[in-house]
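Numbers for residues simply follow the sequence, beginning at 1. Just so it is clear, the model here is predicted, and its values are computed rather than measured.
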Amino acid sequence: MEIFLVLIALLLMILGILGSFLPVLPGPLTSWVGLLVLHFTDGIELSTTFLIVTLVFAVFIYILDYIIPAIGTKRFGGSKAGMIGTTLGLIIGLFSPIPFGIIIGPFVGALIGEMMHRNDFNKALKAAFGSFLGFIASTFLKFIVAIIYLGFFIVKLSEHNTSWY
């Protein structure tokens, strides 16, 4: 049973890292669930304080994931139409067969959204660039947190002090 829980926790850690790039999975939250599963194995001790702090941090990053691209769009002169375009472009880019659709999609979506809102290509391009920067910053932040949680996982797993059988 212990090995099964560790394998489930490891799978959640990997999904958490993938979730940093895929919007359908909440990356750091998925990694946190991996830490929680690890907590239930014998011989691995994770304090309640540790679990609460890491959960609060994962939720904070989850919320920031929605705010950062919007801030990037707004900071570069974007409108609500640009932010909606960013989100739609992200979803479409995720499922499109084009290479790097998840990166290109938000940029093109913001550009189209801004062009629909106002017909000024230069302003629309600037807002789309801001959206793209926000998306990249948000993705990077989620990835770093998921990697840190994987590091916690590895450290705690190496401290395992009972038999696996």
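No option in I17, L29, V33 other than V33 meets the side chain to side chain contact (heavy atoms under 4.5 Å, CB included) test with L12.
Nearest approach of G101 to S96, heavy atoms of both residues: CA-OG, 4.0 Å. Taking every heavy atom of both residues into account, G78 and A127 meet most closely at CA-CB, 3.5 Å. Across all non-hydrogen atoms, the minimal contact from G130 to F76 is CA-CD1, 3.4 Å. Smallest separation of non-hydrogen atoms from G134 and I68: O-CG2, 3.3 Å. Nearest heavy-atom pair across K156 and L38 is CB-CD2, 4.0 Å. Heavy-atom minimum distance, H117 versus A81: CB-CB, 3.8 Å.
Both I14 and I148 are members of a single hydrophobic cluster when ILVMFWY side chains are connected at heavy-atom separations under 4.5 Å. Cluster membership for L10 and V155, using ILVMFWY side-chain heavy atoms within less than 4.5 angstrom, is not shared. F60 and V53 fall into different hydrophobic clusters, defined by Ile, Leu, Val, Met, Phe, Trp and Tyr side-chain heavy atoms under 4.5 Å apart, directly or through other members. A single hydrophobic cluster is seen to contain both F57 and I63, as judged by linkage of ILVMFWY side chains at heavy-atom distances under 4.5 Å, directly or through other members. Hydrophobic clustering (ILVMFWY, side-chain heavy atoms < 4.5 Å, transitive): I71 and F140 are in one cluster.
Rounding to the nearest 0.5 angstrom, the gap separating the CZ atom in F143 from the CD1 atom in I136 is 12.5 Å. To the nearest 0.5 Å, atom CG of residue L18 and atom CE of residue M13 are 13.0 Å apart. Here the straight-line distance linking atom CZ of F40 with atom CD of E2 works out to 12.0 Å at 0.5 Å rounding. Here the CG-CZ distance, from L111 to F129, works out to 13.0 Å after rounding to the nearest 0.5 Å. Atom CD1 of I147 sits about 8.5 Å away from atom CD1 of I154, to the nearest 0.5 Å. Y149 contributes atom OH, which lies 7.5 Å from atom CD1 of I61 (distance to the nearest 0.5 angstrom).
For the pair L125 and F107, the minimum side-chain heavy-atom distance is below 4.5 Å.
Enclosure of atom NZ in K126 is not indicated, since only 12 or fewer non-hydrogen atoms of other residues, nucleotides or ligands lie within 6.0 angstrom. By the 6.0 Å contact criterion, CZ on F21 is enclosed, its count of non-hydrogen atoms from other residues, nucleotides or ligands being greater than 12.
A perpendicular orientation is assigned to the rings of F50 and F152, their planes being inclined by more than 60° (bins at 30° and 60°).
Judged by distance alone, with hydrogens and angles left aside, the side-chain atoms of E114 form no donor-acceptor pair with the main-chain N or O of A128 at under 3.5 Å. Side-chain atoms of S138 do not come within 3.5 Å of backbone N or O of F135 as any donor-acceptor pair. Using a distance-only test at 3.5 Å, with no hydrogens or angles considered, a donor-acceptor pair links the side chain of S20 to the main chain of G16.
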Is there a side chain to side chain contact (heavy atoms under 4.5 Å, CB included) between V108 and I112 once you walk through the steps? CA-CA 6 Å; V108 172; I112 291 170; 3.7 Å; yes
